[in-house]
Amino acid sequence: MEPEYLIPLLPEGLVPWEILCQRAAKSRAELEGFLHELQVQGFPVLVEEEGAGLAWGTPAPHILLPRLKGKWGWPYRYLGTVTSTQDVLRAWADAPARALVVAERQTQGRGRRGRRWESPAGNLYFSLLLGPDVDDWLPLRAGVALAEVAQVGWLKWPNDLVAPDGRKLGGILVERSGGRILLGVGLNIDTAPLPMAAALGEFFPVHRAQLLADFLWVLEKWLGEETRVVRRAWKDRSLMLGQTVVVRCGEERIKGIAWDLGPRGELILHTAQGLRFVPAGDVQLSAAENNVEDPKVSEGEPQC
Ligand code: BTN
């Protein structure tokens with residue numbers, strides 16, 4: 001029995017076996033076999049003596065779709081274990097703009113700048129297809145939307161969502177494939193997979209499907225906002241402006257005071273050599289912590 005037939009029969013929480021067997025027109029033994037297969041594929045299926053069902057907050061189509069308020073998130077593919085939701089969306093050749101792919105686990109999740117994104121069960125991993133009509137502010141728009149729905153933490157440029165103590169809660173990856181733009185979002189909900197990571201579930205109980213629906217709704221709003229409004233909102237949610245930071249840009253490390261956002265969403269750094277517009281990179285908040293006493297600040301054309 002394929003997941004697309006069985007999953008819609010499973011509610012959040014447990015449904016008694018008699019009812020489930022009736023709905024699926026299968027014996028309990030047969031169903032237990034199919035449910036076990038779903039678990040192996042990575043779906044959060046509960047199998048208990050009194051019945052079976054889905055974990056609370058599972059973003060299965062019948063739980064997510066009724067919660068969508070806007071135009072984003074349809075058509076929708078909900079999967080167990082994949083390499084990366086970005087790969088699945090890329091391979092979905094006739095997906096229209098606003099299509100959504102969610103997976104429960106990724107074996108080759110990708111982060112920004114070629115890094116790996118650890119993707120154990122219980123978190124949120126999704127990719128959205130955008131049309132070509134997006135501007136340079138897309139990563140910041142998405143970051144503001146994520147921070148708004150997470151309600152915890154602050155934004156580290158360009159769009160890392162970090163807990164109040166600086167541990168990373170989530171991140172955003174924008175990739176281009178032909179004329180298509182793939183927006184990938186990873187948000188730790190149940191599990192912080194690395195020592196410097198945090199999980200939103202540490203702060204309050206999170207219903208993943210509701211949070212995803214809220215994000216899609218809020219993103220729709222932020223995609224339509226003027227850049228000056230996005231810039232203001234990003235600055236309001238960032239604690240790093242005014243702090244001394246080191247930005248890693250490839251091999252280069254640029255030290256300066258995080259000053260502002262430029263006209264294309266770049267980070268403006270106040271360095272010893274003057275203002276520097278950094279279009280991409282990784283921010284480290286404390287120069288001392290990162291053993292950078294006298295980083296080389298290059299002049300001329302930025303490398304990254
Ligand atoms: C970052 O480095 O901060 C960006 C992380 C983005 C991870 C998400 S998880 C869903 C989507 N699929 C991937 O392989 N990556 C993105």
Side-chain angles (χ1 to χ4, degrees), residues 42 59 64 72-73 76-92 95 98-130 138-147 149-150 152-163 166-177 180-200 206 208-209 211-212 215-216 219 234 237-238 240 247-250 265 267 278-285 304:
L64 176 72
W72 292 84
Y76 177 39
R77 287 193 180 167
Y78 171 62
L79 303 162
T81 304
V82 300
T83 54
S84 154
T85 55
Q86 298 284 95
D87 295 341
V88 175
L89 186 54
R90 195 184 301 258
W92 184 356
R98 306 192 185 115
L100 172 68
V101 173
V102 173
E104 290 290 350
R105 289 194 306 227
Q106 301 182 118
T107 54
Q108 290 167 44
R110 286 195 292 282
R112 287 194 309 115
R113 308 179 76 71
R115 281 186 297 252
R116 187 179 159 77
W117 186 259
E118 297 297 333
S119 311
N123 296 335
L124 259 179
Y125 313 109
F126 60 93
S127 296
L128 257 184
L129 190 65
L130 287 105
L138 171 65
L140 300 170
R141 292 174 189 276
V144 169
L146 193 61
V149 297
V152 166
W154 52 280
L155 287 169
K156 190 166 80 146
W157 185 83
N159 51 22
D160 283 354
L161 179 66
V162 291
R167 287 175 302 144
K168 186 157 167 170
L169 282 164
I172 293 168
L173 174 70
V174 178
E175 293 180 324
R176 282 161 209 272
S177 167
R180 312 193 317 161
I181 294 164
L182 285 65
L183 178 81
V185 180
L187 185 61
N188 300 330
I189 306 285
D190 277 356
T191 307
L194 296 169
M196 277 312 293
L200 207 52
V206 179
R208 289 186 302 146
L211 188 127
L212 174 55
F215 173 80
L216 296 170
L219 178 70
W234 189 93
R237 288 173 174 77
S238 175
M240 55 175 271
V247 184
R248 275 176 196 252
C249 245
L267 181 63
V278 185
D282 277 321
V283 172
Q284 297 171 333
L285 285 180
C304 53

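Remember, it's 1-based here, ligands and their atoms both numbered in the order they're listed. Atoms considered below: every heavy atom in the structure, side chains included; atoms not considered: hydrogens, waters and symmetry mates. Residue numbers start at 1 and run along the sequence shown.
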Next item on the list: Quick one: list whatever passes side-chain hydrogen bond (donor to acceptor under 3.5 Å, both in side chains) with R167, sequence neighbours left out.
Entry: D165, E202
Notebook entry, point to check: Who passes side-chain hydrogen bond (donor to acceptor under 3.5 Å, both in side chains) against T85, sequence neighbours left out?
Noted result: Q106, S127
Side chains of residues 152-161: which donor-acceptor pairs under 3.5 Å do they make with residues two or more places apart or in other chains?
| from | atom 1 | to | atom 2 | distance (Å) |
| --- | --- | --- | --- | --- |
| W154 | NE1 | A163 | O | 3.3 |
| K156 | NZ | V283 | O | 2.9 |
| W157 | NE1 | G265 | O | 3.0 |
| N159 | ND2 | P139 | O | 3.3 |
| D160 | OD1 | K168 | NZ | 2.9 |
| D160 | OD2 | K168 | NZ | 3.4 |

Next item on the list: Indicate yes or no: does R208 engage D190 in a salt bridge with an N to O separation below 4.0 Å.
Entry: no
Item checked: OG-CG distance between S119 and L124, expressed to the nearest 0.5 angstrom -> 11.5 Å
Next item on the list: Let me know which protein residues bring a heavy atom to under 4.0 Å of ligand 1; chain then number is fine for ordering.
Entry: S84, T85, Q86, Q106, G109, R110, G111, R112, W117, Y125, F126, S127, D160, K168, G171, I172, L173, G184, V185, G186
Next item on the list: Count the heavy atoms belonging to other residues, nucleotides or ligands that lie under 6.0 Å from CZ of R176, then report whether that count exceeds 12.
Entry: no
